[in-house]
Amino acid sequence: MNYFREDPNLSFILDQYLDDDFAEWAKRELDEYGELCATEIDERAAHTDREGQPKLIKYDKMGNDISYVWVNDGYKKTIQQTYDRGIVGYVHKSIPELGRKGDYIYSYAQGYLLSHTEPGFYCPVTLTMATAYLIDHYASDELKKKYLPHVLSTGDEELYEGATFLTERQGGSDVGANETTAIKDGEVYRLTGEKYFASNAGMCGVAMVLARREGDGDGSKGLSLFLVPWKDGEQTAEGISIRRLKDKLGVRAVPSAEVEFKGVKAYLVGEPERGIYYMMEALNLSRVCNAVASIGIMQRAYLEAKQYAYDRVTFGNPLKDFPMVRDTLVSLKAKQEVEMSSVFKLISLFDNIANEPEKASKRGIAFERLLIAILKKETAEQAIHFCHESIEMHGGNGYIEDFVMPRLLRDAQVLTVWEGTANILGLEVLKLMKKFQVHNLFIEEMKTSLDTLPANLQVQRSLVYEKVEQLDQEISQITSYSEEEQTFYAKHLAEKMAAIFESVVALEDAVKGGARKTAVAEVFLQKTWKKNELDANRKSLVYYDLIVEGKESKVGVN
């Protein structure tokens with residue numbers, strides 16, 4: 001098994017967004033990593049989940065609080081194999097073989113493969129990506145020189161993983177309620193307070209932390225961003241204490257903790273009182289990671305369902321020969337491919353803005369934030385749905401821990417919660433609509449894309465165009481309501497926008513990808529917009545061989 005070779009759609013995407021030399025190098029790297037993920041990393045992930053979870057060693061033998069987090073040796077090996085391939089480093093520094101810097105397309109392609117097998121570990125990778133982004137964009141030259149080479153390590157420096165600590169007990173998503181304080185002490189600050197959901201605690205080399213300086217205002221706008229070195233040599237830095245590790249439903253590979261700061265040394269990053277804005281940029285990066293983890297889980301769930309359907313014989317025939325099973329496999333594969341292409345189209349936009357923020361317009365940034373919100377929500381919910389469908393394909397075996405699906409479902413469940421629930425993301429959509437009229441830009445962009453489609457896709461284009469017009473009318477109606485009433489429809493708008501955006505991407509792929517991608521688009525549109533109608537042509541059966549097996553179908557259209 002090799003997860004890169006199992007997914008030709010990933011190569012299709014890389015060819016769209018990378019030049020020839022970069023794409024050729026990336027495919028070689030991802031081919032090797034795809035095999036690692038499908039074999040030894042997967043075996044280690046199962047061990048970590050069942051037997052090798054992180055453990056807090058609170059005190060040493062003399063009773064001193066050392067707040068040390070133990071992880072198993074296999075987990076450490078996965079850390080080395082992943083970071084050394086540049087999942088974080090090559091976003092910001094040169095790739096030796098190419099003599100130039102990489103980008104987020106490659107990083108997220110690697111994260112996609114990792115999420116097939118160990119989405120728990122992709123959380124620390126995400127936090128390290130966010131830490132690298134914040135230091136690179138906003139830290140002083142002195143802090144960059146001291147810490148960035150370690151955060152970007154590809155085996156050439158001691159690795160410092162990152163962490164971003166926002167949440168406190170009394171606030172949760174209401175970050176403005178945070179109480180952690182920052183007191184000036186010469187050239188540094190001293191932080192005092194508690195962070196309640198501190199993921200990668202004990203494993204990170206540096207943590208990016210929101211805190212309020214003396215005299216600064218209340219609410220989120222009074223928060224500043226600080227870099228906290230986690231270690232002093234081999235020891236946990238003075239002023240850091242881990243109260244306990246969270247006993248989580250899933251993603252057990254990542255140690256999530258309750259952390260107490262008791263005068264820990266910290267360095268101010270960027271302009272004071274702009275911490276929340278910096279952290280929101282990092283949050284959007286993390287939301288893209290969340291979407292990437294979701295499509296990775298979706299693909300793994302599909303692969304497991306497909307493999308079981310081909311191996312399992314029941315009532316005298318392989319499961320794959322039954323029409324309902326074929327319909328399920330085609331539906332899953334079409335949805336996963338379209339959603340994956342949609343996420344990578346977003347990543348391309350994110351990459352451009354992250355690399356040249358000074359060239360990005362406010363409308364362009366608002367459009368990017370809209371896509372992040374709607375795709376994070378949709379992909380996270382679909383990851384759970386795919387796991388459900390795969391478990392059903394397995395029957396009773398799908399509920400047994402000998403199979404991967406129970407772990408995959410537990411890991412998927414957190415993705416709807418991390419980096420913003422559906423409610424929070426719905427409110428984000430409304431906020432962008434009110435502040436930037438982003439809905440007008442969205443409708444304009446979708447119509448422009450549809451207008452460029454060739455004549456052979458006009459039937460499909462008309463269907464999606466009709467849905468865009470309906471959305472426009474719904475938005476006009478909803479925006480006439482009171483603010484409280486508008487929040488009732490926030491998630492509906494996010495879902496409708498996601499479906500339209502993905503439909504447009506499906507048709508764009510059909511133009512580039514020939515007969516198979518056209519078949520994927522037709523199935524996707526039928527399942528998305530006509531799922532309650534009888535499908536006279538039974539597209540999911542007609543296109544089964546083409547979509548699932550990659551060969552021309554012998555079944556005629558009825």
Side-chain angles (χ1 to χ4, degrees), residues 67 88-89 91-93 124 126-153 157-168 175 178-217 220-242 257 259-283 285-286 357:
S67 291
V88 176
V91 175
H92 300 268
K93 69 179 185 180
T126 297
L127 297 173
T128 306
M129 290 173 68
T131 298
Y133 177 93
L134 291 169
I135 295 174
D136 196 22
H137 281 73
Y138 299 114
S140 66
D141 290 340
E142 183 180 356
L143 289 177
K144 286 181 185 178
K145 183 178 180 181
K146 185 172 183 179
Y147 292 104
L148 196 55
H150 295 286
V151 177
L152 302 181
S153 175
E157 299 275 358
E158 180 187 359
L159 173 66
Y160 290 177
E161 285 193 280
T164 56
F165 296 165
L166 292 79
T167 309
E168 299 181 11
V175 179
N178 283 7
E179 297 175 352
T180 298
T181 59
I183 308 298
K184 193 81 165 68
D185 181 17
E187 296 299 314
V188 300
Y189 285 82
R190 299 287 175 177
L191 302 192
T192 300
E194 171 194 293
K195 296 297 178 179
Y196 196 59
F197 282 101
S199 288
N200 213 30
M203 295 300 297
C204 61
V206 292
M208 309 304 290
V209 181
L210 288 179
R212 199 180 311 276
R213 301 184 310 160
E214 282 185 299
D216 285 347
S220 61
K221 293 182 179 179
L223 296 171
S224 297
L225 180 64
F226 296 89
L227 184 154
V228 176
W230 189 270
K231 294 181 180 179
D232 183 1
E234 295 298 315
Q235 306 298 318
T236 302
E238 183 179 356
I240 296 177
S241 178
I242 298 178
V259 173
E260 294 177 311
F261 293 133
K262 303 174 182 178
V264 67
K265 181 170 67 174
Y267 300 93
L268 180 66
V269 173
E271 299 177 24
E273 298 184 56
R274 288 194 58 82
I276 189 64
Y277 299 104
Y278 301 147
M279 198 64 97
M280 288 304 101
E281 290 182 33
L283 177 66
L285 183 153
S286 297

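Worth knowing before you read on, the calculation uses all heavy atoms, side chains too, and leaves out hydrogens, waters and symmetry mates.
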Is there side-chain contact between [X] and [Y], with at least one heavy-atom pair below 4.5 Å?
X: E214; Y: I183; value: yes
X: L223; Y: R212; value: yes
X: M280; Y: L166; value: yes
X: I135; Y: K144; value: yes
X: P229; Y: Y147; value: yes
X: M279; Y: L134; value: yes

Trace of the side-chain hydrogen bond (donor to acceptor under 3.5 Å, both in side chains) decision for E142 with Y267: CA-CA 11 Å; E142 183 180 356; Y267 300 93; over 6 Å; no
Working to the nearest 0.5 Å, report the span between [atom1] of [X] and [atom2] of [Y].
X: M203; Y: L127; atom1: CE; atom2: CG; result: 12.0 Å
X: K145; Y: S140; atom1: NZ; atom2: OG; result: 11.5 Å
X: E161; Y: S153; atom1: CD; atom2: OG; result: 10.5 Å
X: E194; Y: E168; atom1: CD; atom2: CD; result: 7.5 Å
X: T128; Y: H150; atom1: OG1; atom2: NE2; result: 14.0 Å
X: I240; Y: K265; atom1: CD1; atom2: NZ; result: 10.5 Å

Derivation and outcome, side-chain contact (heavy atoms from CB on, under 4.5 Å), residues L225 and L210: CA-CA 5 Å; L225 180 64; L210 288 179; 4.3 Å; yes
Under the salt bridge (charged side-chain N to carboxylate O under 4.0 Å, His left out) test, residues paired with E260 that sit two or more places apart: R243, K262
Partners passing salt bridge (charged side-chain N to carboxylate O under 4.0 Å, His left out) against D185 (at least two apart in sequence or in another chain): R190
Y138, F261, Y189 screened by ring-ring contact (aromatic ring centres under 6.0 Å, His included) with F226, the one that passes: Y189
Smallest separation among heavy atoms of L143 and L268, with atom names: CD1-O, 4.0 Å
Aromatic plane relationship, W230 with F165 - under 30° parallel, 30 to 60° tilted, over 60° perpendicular: perpendicular
